Amino acid sequence: MGCRIVLLGMPGAGKGTQADLLAQALGVPHVASGDLFREHLEKGTELGRLARSYIDRGDLVPDEVTIGMVAERLSRPDCASGFILDGFPRTVPQAEALDRLLRERGVALDAVAYIRVREEVALARLAGRWTCRQCGAVFHTLFNPPRQAGVCDICGGELYQRSDETEEAHRRRLKVYQEQTSPLIDYYRRAGLLVEIDGEQSIEDVQADLRAAVEVACGR
Ligand code: ADP
Ligand code: AMP
């Protein structure tokens, strides 16, 4: 049976960290719209060039571009039996497009896990985040340090600070989240899919709560 989960929460809530662990446990892919954009940036594609200015400012990339990119990723065979979506949807039109796309395939989301943290917690987490250039894993200088500074524990890749890791972009991203993404909390609550998770616990405890919620939603 499939397991289709969306992780919702403000930038810095811990979505990427949790999605990696959950995807591994369930054996389904972790699909992160931010990672897909960063692959385009690295490769210098046309989509990457278009997205760069939005990303560096902390704004959202326009819906039609984002929806097309994620829809293509979800149509690949590895997503047929489920996925963990992280960073998408981020607007109501994106959520509606996702509903349509899944309906056309005769499937539906099993749950939307809202990882709840306060803004000051998210800002402190964003301020110390380091990302692996190779596999996209994230670390934190204080809260989740790599065994060796600058080196990814998982794949040995180089750790870097993303080009949108400036205080100005962080504040902009949190504002954009409040304005454009937080309405999705009600959207999914009304759909009966929302599960709230306390994101201010340790990485392990957040994961345990998430796993328990997913077991109920997906029946495993
Ligand atoms: P998001 O994908 O929601 O933007 P990330 O997963 O990238 O968030 O996490 C943001 C930062 O916070 C990273 O540096 C990560 O190592 C750290 N982090 C994630 N979860 C926790 C947690 N439960 N406690 C402390 N730090 C965390
Ligand atoms: P993330 O890695 O999720 O923090 O995303 C990094 C940046 O990519 C965001 O600040 C946006 O500029 C862009 N982005 C990622 N996902 C989306 C989305 N679903 N809609 C629009 N822009 C997105």
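Here the structure is a predicted model, which means the values were calculated and not measured. Atoms within a ligand are numbered from 1 in the order they appear, just like the ligands themselves. In what follows, residues are counted from 1 in the order of the sequence shown.
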Check your understanding: Should the pair Glu167-Arg171 be classified as a salt bridge under the 4.0 Å nitrogen-to-oxygen rule?
Key -> yes
Practice item. Could you see which bit of Asn144 sits under 4.0 Å from ligand 1, with heavy atoms only: side chain, backbone, both or neither? Key: side chain
Check your understanding: Among Arg172, Met10, Arg129, Arg173, whose heavy atom sits nearest atom 10 (O) of ligand 2?
Key -> Arg173
Exercise for review: Starting from atom 23 (N) of ligand 1, find the nearest protein heavy-atom neighbour and note its residue, name and distance.
Suggested key: Gln201 O, 2.9 Å
Practice item. Decide whether Asp164 and Tyr54 meet the rule of one side-chain donor and one side-chain acceptor closer than 3.5 Å. Key: no
Review point. Going by the atom numbers of ligand 1, which of them fall below 4.0 Å from some non-hydrogen atom of Met10?
Key: 3 (O)
Point to revise | Heavy-atom side-chain proximity of Arg105 to Leu74 below 4.5 angstrom | key: yes
Exercise for review: Find all atoms of ligand 1 within a distance of less than 4.0 Å from any non-hydrogen atom belonging to Lys15, and give their numbers and elements.
Suggested key: 1 (P), 2 (O), 3 (O), 4 (O), 6 (O), 8 (O)
Practice item. Using a strict cut-off of 4.0 Å, indicate which atoms of ligand 2 neighbour a heavy atom of Arg38. Key: 2 (O), 6 (C)
Check your understanding: Knowing that exactly one of Arg173, Arg172, Lys175 qualifies, which makes a salt bridge (Lys or Arg N to Asp or Glu O under 4.0 Å) with Asp59?
Key -> Arg172
Check your understanding: Should the heavy atoms of other residues, nucleotides or ligands under 6.0 Å from CD of Glu168 be counted, would the total exceed 12?
Key -> no
Practice item. Before giving the answer on salt bridge (Lys or Arg N to Asp or Glu O under 4.0 Å), spell out for Arg189 and Glu196 the whole-Å C-alpha distance, their side-chain angles and the decisive distance to 0.1 Å. Key: CA-CA 10 Å; Arg189 190 178 281 129; Glu196 288 196 38; 3.0 Å; yes
Would you tabulate the side-chain donor-acceptor contacts of residues 19-31 under 3.5 Å, counting partners in other chains and residues two or more places apart, or write 'none'?
unit_1	atom_1	unit_2	atom_2	d
Asp20	OD1	His30	ND1	2.9
His30	NE2	Asp86	OD2	2.8

Practice item. For ligand 1, indicate whether the residue Ser202 contacts it via side chain, backbone, both or neither (heavy-atom separation under 4.0 Å). Key: backbone
Check your understanding: Given Arg125, Glu200, Gln207, Arg162, which has its nearest heavy atom closest to atom 12 (O) of ligand 1?
Key -> Arg125
Point to revise | Element-labelled atoms of ligand 1 that are located less than 4.0 Å from some non-hydrogen atom of Pro11 | key: 4 (O)
Study note, to complete from the structure: One finds that the ligand 1 atoms under 4.0 Å from a non-hydrogen atom of His140 are 14 (O), 16 (O)
**Study point:** Any residue meeting salt bridge (Lys or Arg N to Asp or Glu O under 4.0 Å) with Arg90, in chain and number order, not counting sequence neighbours
**Key:** none
Exercise for review: Please report which non-hydrogen protein atom sits nearest to atom 4 (O) of ligand 1, along with the residue it belongs to and the distance in Å to one decimal place.
Suggested key: Gly12 N, 2.8 Å
Point to revise | Sub-4.0 Å atoms of ligand 1 with respect to non-hydrogen atoms of Val138 | key: 6 (O), 7 (O)
Point to revise | Residue Gln94 vicinity, atoms of ligand 2 by number, heavy atom under 4.0 Å | key: 18 (C), 19 (N), 20 (N), 21 (C)
Check your understanding: Ion pair present between Glu42 and Arg133, side-chain N to carboxylate O less than 4.0 angstrom?
Key -> yes
Review point. Does the N or O separation between Leu60 and ligand 2 drop below 3.5 Å for any pair?
Key: no
Practice item. List every atom of ligand 2 that sits less than 4.0 Å from any heavy atom of Asp59, numbering the atoms from 1 in the order shown and giving each element. Key: 11 (C), 12 (O)
**Study point:** Minimum-distance protein heavy atom relative to atom 15 (C) of ligand 2
**Key:** Arg90 NH1, 3.3 Å
Practice item. Report yes or no: is the SG-SG distance between Cys132 and Cys155 under 2.5 Å? Key: no
Review point. Is any side-chain heavy atom of Pro146 less than 4.5 Å from a side-chain heavy atom of Cys152?
Key: no
Check your understanding: Would you say Ala13 touches ligand 1, if touching means a heavy atom closer than 4.0 Å?
Key -> yes
Check your understanding: Do any nitrogen or oxygen atoms of Asp86 lie less than 3.5 angstrom from nitrogen or oxygen atoms of ligand 1?
Key -> no
Review point. So between Phe139, Phe143, Trp130, whose heavy atom ends up nearest atom 14 (O) of ligand 1?
Key: Phe139
Check your understanding: Heavy-atom contacts under 4.0 Å between Gln18 and ligand 1: side chain, backbone, both, or neither?
Key -> neither
Check your understanding: Of the choices Ala32, Gly14, Gly128, which has the non-hydrogen atom that lies closest to atom 8 (O) of ligand 1?
Key -> Gly14
Point to revise | Greater than 12 external heavy atoms within 6.0 Å of Glu46's CD | key: no
Review point. Would you say the side chain of Arg52 lies within less than 4.5 Å of the side chain of Phe37, judging by non-hydrogen atoms?
Key: no
Check your understanding: Among Val138, Asn144, Thr141, whose side chain to side chain contact (heavy atoms under 4.5 Å, CB included) with Trp130 holds?
Key -> Thr141
Practice item. Using distance alone, decide if ligand 2 has a nitrogen or oxygen within less than 3.5 Å of any nitrogen or oxygen in Phe88. Key: no
Review point. Which is closest to atom 18 (C) of ligand 2 in terms of heavy atoms, Thr66, Val176, Thr181?
Key: Thr66
Review point. Quick one: which ligand 2 atoms are inside 4.0 Å of a heavy atom on Ser33?
Key: 15 (C), 16 (N), 17 (C), 19 (N)
Check your understanding: Is Ile185 close to Leu8 at the side-chain level, that is, under 4.5 Å between some pair of heavy atoms?
Key -> yes
Point to revise | Heavy-atom nearest neighbour in the protein, as seen from atom 6 (C) of ligand 2, with distance rounded to 0.1 Å | key: Arg162 NH2, 3.5 Å
